[in-house]
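Working notes, structure below.
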Amino acid sequence: MQYSTLFKLSSDDIHSEAEVETRLLAKLFNDLGYSEKDVIPKKRLPALLVNDGRHQTKKEVDFLLQNANGDVNVVVEAKDPKINVHAAWGQAASYALSYNRDKEEHKKVKWLLISNGYITSLYKHDSDVPIVTLQLSDFAGGSPPYAVLSGYIKYHVYITQSKDFLPFTHVTQDKLNVLFFQSHDLVWRKEKLNPTDAFFEFCKFIFMKIKEDKIREKLPLNVQAYKIPLTLKWLEVHEGTSNHPVRDILFFKLHNELETAIHKDKKKRIFETNETLKLSASTCKTLIAKFEGINLSAIDEDLNGRMFEVFLSAAIRGRALGQYFTPRPVVDFMTRIGLQNTNLLNPPKVIDACSGTAGFLIEVMAYLLSGLREDTRFNASEKARIKEKICNEQLYGIEANERVARIARINMYLHGDGGSHIFYGDGLDNKPVLTDNMTDERVSEVIDHNKKIVPEMFDLVLSNPPFSMKYAASNEDEKRILQQRISGESCKTAKSNRLFLDRYYELMKPGAIMLIVLDDTLLNGTSYRAVTR
């Protein structure tokens with residue numbers, strides 16, 4: 001049995017198409033912000049002629065959803081629970097194709113929403129591959145799949161802009177991906193930075209933007225624009241006292257906040273002690289013009305940083321930093337499996353020893369907090385205590401690229417901390433060593449790493465380790481790693497896939513779960529039979 005905590009609805013309550021419409025979809029439309037006049041039911045919709053091979057047939061759908069401008073955006077099909085959702089795609093897609101035939105681009109249907117009550121899928125109007133698929137239990141406040149669905153088809157109330165205040169909206173992920181990519185490209189070219197540095201500098205801007213948006217969400221809608229940081233009006237006012245207000249006011253404030261947290265041992269380093277914002281004032285002004293009206297923290301209240309992950313995957317997928325970003329559906333699938341029997345009173349201790357930008361850890365946090373929010377077993381103080389434990393005691397990551405490790409800390413910070421347990425180091429190293437040239441702060445991090453990442457400590461491993469990186473005994477640092485993982489002196493080289501499998505096995509508690517991405521050479525290669533056995 002599945003249960004939606006958001007709609008107080010059990011799968012046992014849904015037996016027919018009519019019940020899908022009234023018990024699930026009606027509540028969904030309301031939660032997404034559609035009023036009764038914006039939901040056009042079948043009885044008010046004409047059947048449309050579509051070409052079906054050599055014949056023309058009439059097709060109809062259950063609902064159309066129209067946006068604030070009165071344009072139809074979504075075709076909705078409700079099906080009996082016994083009918084496969086994907087089998088209904090053709091009818092909805094054919095209707096959308098016929099509907100769009102004589103429409104201007106901005107008036108065309110963009111989405112197909114199909115539900116049988118148990119399964120709900122969202123498709124682009126011209127694709128039979130769902131953007132996101134939800135089970136009934138995914139209709140919960142803060143649930144990652146529901147956050148994605150909302151981000152695409154939520155009803156947006158656009159306020160007419162005036163000289164006194166600025167509308168604050170959010171856009172679909174597709175549009176945001178394009179905007180992020182264009183902006184990163186702008187920074188790279190205009191600032192003449194290499195792609196890696198351009199990426200990190202843009203990260204700083206996005207970091208400030210999301211932090212300010214979280215504050216701005218709580219402001220009255222009619223607050224004057226000059227009072228809102230990272231708007232052109234705000235910039236105009238502060239240019240009278242500073243040549244670079246974004247750097248001198250906002251980044252300075254952010255840097256000081258983080259330094260204070262570091263000195264209180266609440267955070268690990270994100271920026272250097274004397275670091276500044278390297279983007280020029282003119283570049284910042286261009287970025288502000290692009291982003292000032294967009295709410296980057298608008299997916300939902302507990303996932304304010306998920307847009308940051310969208311940027312990471314959209315703008316620099318495997319290109320600027322040499323990183324491979326695990327596709328979101330894979331992260332979601334693995335996380336669902338890993339957390340399916342979770343007890344919130346005793347949440348699992350989770351590790352990703354090659355964490356990249358912390359995608360797996362953030363997905364774990366999102367799912368656990370989603371389940372916690374509407375769990376009626378706990379009062380407010382108990383929920384606060386459990387949330388604190390999830391965010392700050394249960395999630396651990398290691399990343400070998402120092403800059404990526406810092407980006408992961410930014411990402412975790414935006415989600416409610418957790419960054420205190422993102423370590424810079426080799427995830428295969430079971431005892432990182434201290435060296436004479438380390439700063440006191442780096443020494444403290446290595447000591448903390450050795451203390452907190454220990455054998456048989458973790459309940460769940462979620463990871464996508466590198467497949468073919470080679471460790472060679474000819475390199476002294478790599479030789480030390482090889483000697484930790486492989487007994488005997490005969491081994492001269494070993495691939496990282498085998499080494500990470502061994503390392504994770506070492507870190508797992510008895511009965512723990514390991515979900516990692518493996519290449520088929522390790523699974524099927526004859527030279528690895530001793531390992532897989």
From CA spacing to verdict: salt bridge (Lys or Arg N to Asp or Glu O under 4.0 Å), R480, E476: CA-CA 6 Å; R480 187 171 60 82; E476 281 302 313; over 6 Å; no
Check ion pair R409-E445 (N to O, under 4.0 angstrom): yes
Any salt bridge linking R406 with E272? Criterion: basic side-chain nitrogen under 4.0 Å from a carboxylate oxygen. yes
Quick one: does any side-chain atom of S4 pair with a main-chain N or O of F139 as donor and acceptor, under 3.5 Å? yes
Looking at K124, I'd like to know if its NZ atom is crowded, meaning that more than 12 non-hydrogen atoms belonging to other residues, nucleotides or ligands lie closer than 6.0 Å. no
Could you walk me through whether E201 and K204 pass salt bridge (Lys or Arg N to Asp or Glu O under 4.0 Å), step by step? CA-CA 5 Å; E201 291 304 311; K204 295 176 184 177; 2.8 Å; yes
Does any N or O in the side chain of N497 come within less than 3.5 Å of the main-chain N or O of L518, such that one atom is a donor and the other an acceptor? no
If you define the side chain from C-beta out and look only at heavy atoms, does anything of L369 sit under 4.5 Å from C391? yes
Look at K253 together with E212 and state whether they make a salt bridge at an N to O cut-off of under 4.0 Å. yes
Carefully, step by step, assess E259 and T273 under the rule side chain to side chain donor-acceptor pair (under 3.5 Å). CA-CA 7 Å; E259 287 298 309; T273 54; 5.9 Å; no
Can you tell me how the ring of F458 sits relative to the ring of Y396, calling it parallel under 30°, perpendicular over 60° and tilted otherwise? perpendicular
Neighbour count above 12 (heavy atom, 6.0 Å) for K509 NZ: yes
State, yes or no, whether a side-chain contact exists between Y367 and P145 at a heavy-atom distance under 4.5 Å. yes
Electrostatic pair R485-E506, nearest N-O below 4.0 angstrom: yes
With a cut-off of 6.0 Å (strictly less than), are more than 12 heavy atoms of other residues, nucleotides or ligands near NZ of K190? yes
Parallel, tilted or perpendicular: which one describes the rings of Y146 and F7, with boundaries at 30° and 60°? perpendicular
Ring centers of Y123, Y152 separated by less than 6.0 Å: no
Measuring only between side-chain heavy atoms, which start at C-beta, is V404 closer than 4.5 Å to F200? no
Count the heavy atoms belonging to other residues, nucleotides or ligands that lie under 6.0 Å from NZ of K383, then report whether that count exceeds 12. yes
Could you tell me if the side chain of C354 sits less than 4.5 Å from the side chain of R503, heavy atoms only? no
Do M457 and I351 have side-chain heavy atoms sitting under 4.5 Å apart? no
For the side chain of D138 and the backbone of Q135, is there at least one donor-acceptor N/O pair under 3.5 Å apart? yes
Only one of L515, D352, V331 forms a side-chain contact (heavy atoms from CB on, under 4.5 Å) with L462, so which one is it? L515
Taking the side chain as every heavy atom from C-beta outward, state whether H86 and S121 have any atom pair closer than 4.5 Å. no
F205 vs V187 side-chain heavy atoms within contact, under 4.5 Å: no
Quick one: do R498 and D502 make a salt bridge, cutoff under 4.0 Å? no
Taking side chain as C-beta onward, heavy atoms only, is K211 less than 4.5 Å from Y413? yes
Do the side chain of E363 and the main chain of F360 share a donor and acceptor less than 3.5 angstrom apart? no
So, does W89 use its side chain to make a donor-acceptor pair with the main chain of S127 at under 3.5 Å? yes
Main chain of S115, side chain of T120: is a donor-acceptor contact present, judged purely on distance under 3.5 Å? no
Between I422 and K268, the two heavy atoms sitting closest are O-CD, 3.6 Å
